[in-house]
Amino acid sequence: MAQLDQSRAPIYQALEEFQSMRVVPFDVPGHKRGRGNPELEQLLGSKCVNMDVNSMKPLDNLCHPISVIREAEELAAQAFGAAHAFLMVGGTTSSVQSMVLSVVKRGEKIILPRNVHRSVMGALVLCGAIPVYVNPACDHRLGIPLGMSLADVERAIRQNPDAKAVLVNNPTYYGICSDLRSIVKLAHQHGMLCLADEAHGTHFCFSGQLPPSAMEAGADMAALSMHKSGGSLTQSSLLLIGPNVSPGHVRQIINLTQTTSGSYLLLSSLDIARRNLALRGREEFERVIRLAEYAREEINRIGGYYAFSRELINGDSIFDFDVTKLSVNTLDVGLAGIEVYDLLRDEYDIQIEFGDLGNILAYLSIGDRPREVERLVGALSEVRRRFGGAGTDLMKQEYIEPHVAVSPQQAFYDKKRSLPIQETEGKVCSEFVMCYPPGIPILAPGEMITREILDYIQYAKEKGCSMTGPEDPEILNLNVLED
């Protein structure tokens, strides 16, 4: 394909042209450019509500794009090195689930790490595929799951030669990357596709100092959270595919669950964010890398905290590291990560991405500046001085190996009953339990409930982790399969 003009933003430009036409709206949305809901216009501004329009011929249709949305997809595909790109308005959850639903169906196997986002498990509930878990290694000092060992992936492939695909986190929330190129090669050698949950790696295309992107590594599909590090509006995402995947089939899968009323605010934000990255991404992410390295140095000088980076690389389960991720272990300060998270927000008006039992993550991207980083460093120093203590009797968030009894779909839909959580040991869970963020299930449907898992859930609740997933919002009860 000839080089496209990345300075174009066809959806945004079509919206601007549409605004100049002064069209009288006898279609949806019902607020009629804000006139029917003045408080909404006051909140969002007239520019925003005027661009909240429905699909029409001049603006194309997300379900079957033939003009400006199609051009925006072609520009995105070229910018990210893909054969085709799909603009997604249901978040990266929608991208990940469309990716999984495109390659496996009921009874078929997919190889994946257990520390996947809940969206992957949700896709398995929907389609009835069978997960084959590659249990990730764990860093015992940090208490975090790592990437997939190549030897473990090869073992899973040889033991399950009928599996259809291998899914890889690229990177994990903490910035850990597996050897994606080798995993892709291994999967292809055995007739399997390789999928990448690249929610936290949108920026990989835009610096030689970062790990290779999924498309660069040869993956067949990749889900990108453009709204995370790419700068688009929340809930907007991209789904990329390589040449071995049929775009027509993927479009059909997407249209099973994605809205037929795609938000043009989200679509135009994807268009503009792609243009921004294509034109300025390399320069911007070089700056972000320098900012993250500076922040790590300053945080590690405080004492007690450990802002980890590429020194963790071991050539296998930590094959590479995303240096823009400001992941910080807090246990030697005597505080759980979630406690530092709460203190930063409540005492210092600093909102970071998440805190788990042992770590925090400050998400750095193109909108961050040195002044804010200085404020974060100063606040962390104050937290240690005012609230820190000895690092004893703190539970580490280590990986708990699941015991899969039945498929996620069977467990989710079979007969179940609700029991007090402390009476569920030895039962099969029929729902999700997770800390959000990061949204990695502690329990997923079909997994055996163990004492270790129950102790972990209780400790996480006591430390203030935001627990989500179960039908009971207080998580005093869990749904389990009937005996």
Side-chain angles (χ1 to χ4, degrees), residues 1-4 6 73-88 92 95-96 99 102-103 112-113 147-148 150 153 165-173 175-189 192-226 228-232 237-245 247 250 270 273-286 288-289 310 313 315-325 365-366:
M1 180 187 292
Q3 183 64 38
L4 302 177
Q6 291 289 340
E73 289 181 342
E74 290 170 350
L75 285 161
Q78 192 166 91
F80 288 92
H84 196 91
F86 301 88
L87 307 187
M88 307 292 290
T92 307
S95 297
V96 167
M99 184 167 66
S102 294
V103 300
L112 67 164
M148 291 197 292
L150 188 62
V153 175
V166 179
L167 186 144
V168 186
N169 293 331
N170 188 62
T172 69
Y173 223 145
I176 306 295
C177 292
S178 304
D179 184 357
L180 186 56
R181 278 197 174 97
S182 296
I183 292 173
V184 168
K185 184 178 179 181
L186 195 60
H188 288 174
Q189 286 173 345
M192 301 177 190
L193 296 176
C194 186
L195 319 180
D197 180 349
E198 204 162 33
H200 300 281
T202 299
H203 50 294
F204 281 5
C205 284
F206 302 101
S207 173
Q209 298 183 56
L210 296 172
S213 71
M215 289 294 106
E216 185 183 351
D220 298 290
M221 304 183 77
L224 275 65
S225 275
M226 278 289 280
K228 289 187 170 69
S229 60
S232 62
S237 175
L238 290 177
L239 177 57
L240 306 179
I241 64 173
N244 296 329
V245 178
V250 175
L270 282 169
R274 180 272 315 153
R275 179 174 67 178
N276 182 49
L277 293 182
L279 299 180
R280 294 178 284 274
R282 291 192 174 276
E283 173 186 345
E284 283 295 295
F285 281 108
E286 295 296 327
V288 173
I289 290 169
R310 293 176 61 84
I313 290 174
D316 190 22
S317 59
I318 312 175
F319 189 79
D320 210 339
F321 185 81
D322 174 10
V323 292
T324 73
K325 296 290 186 293
S365 194
I366 55 179

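- Looking at D220, its side chain never comes within 3.5 Å of a backbone N or O of G242 through a donor-acceptor pair.
- When atom types are taken as modelled, the side chain of S365 and the backbone of S229 share a donor-acceptor pair closer than 3.5 angstrom.
- Not counting sequence neighbours, the partners of D322 by the side-chain hydrogen bond (donor to acceptor under 3.5 Å, both in side chains) test are H203, T324, K325.
- Summarising the geometry of L240 relative to A85, their closest heavy-atom pair is CD2-CB, 3.6 Å, with the distance given to 0.1 Å.
- Checked by atom type and distance alone, the side chain of S317 never pairs as donor or acceptor with a backbone atom of G147 at under 3.5 Å.
- With hydrogens and angles disregarded, no donor-acceptor distance shorter than 3.5 Å links the side chain of Q6 to the backbone of A278.
- Between E198 and A222, the shortest heavy-atom contact is OE1-CB, 3.9 Å.
- S225 pairs with exactly one of T92, D197, T202 by the side-chain hydrogen bond (donor to acceptor under 3.5 Å, both in side chains) rule, that one being T92.
- Under the 6.0 Å cut-off for aromatic ring centres, F80 and F204 do not qualify, their centroids lying 6.0 Å or more apart.
- The two residues A214 and N170 make their nearest non-hydrogen contact at N-ND2, 3.8 Å.
- In terms of modelled atom types and a separation under 3.5 Å, the side chain of R280 and the main chain of R275 share no donor-acceptor contact.
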_Run the side-chain contact (heavy atoms from CB on, under 4.5 Å) test on L239 and M99 for me, step by step, so that the C-alpha distance in whole Å, both residues' side-chain angles and the decisive distance to 0.1 Å come before the verdict._
CA-CA 8 Å; L239 177 57; M99 184 167 66; 4.1 Å; yes
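- With hydrogens and angles ignored, the 3.5 Å screen pairs a side-chain donor or acceptor of Q78 with a backbone N or O of L4.
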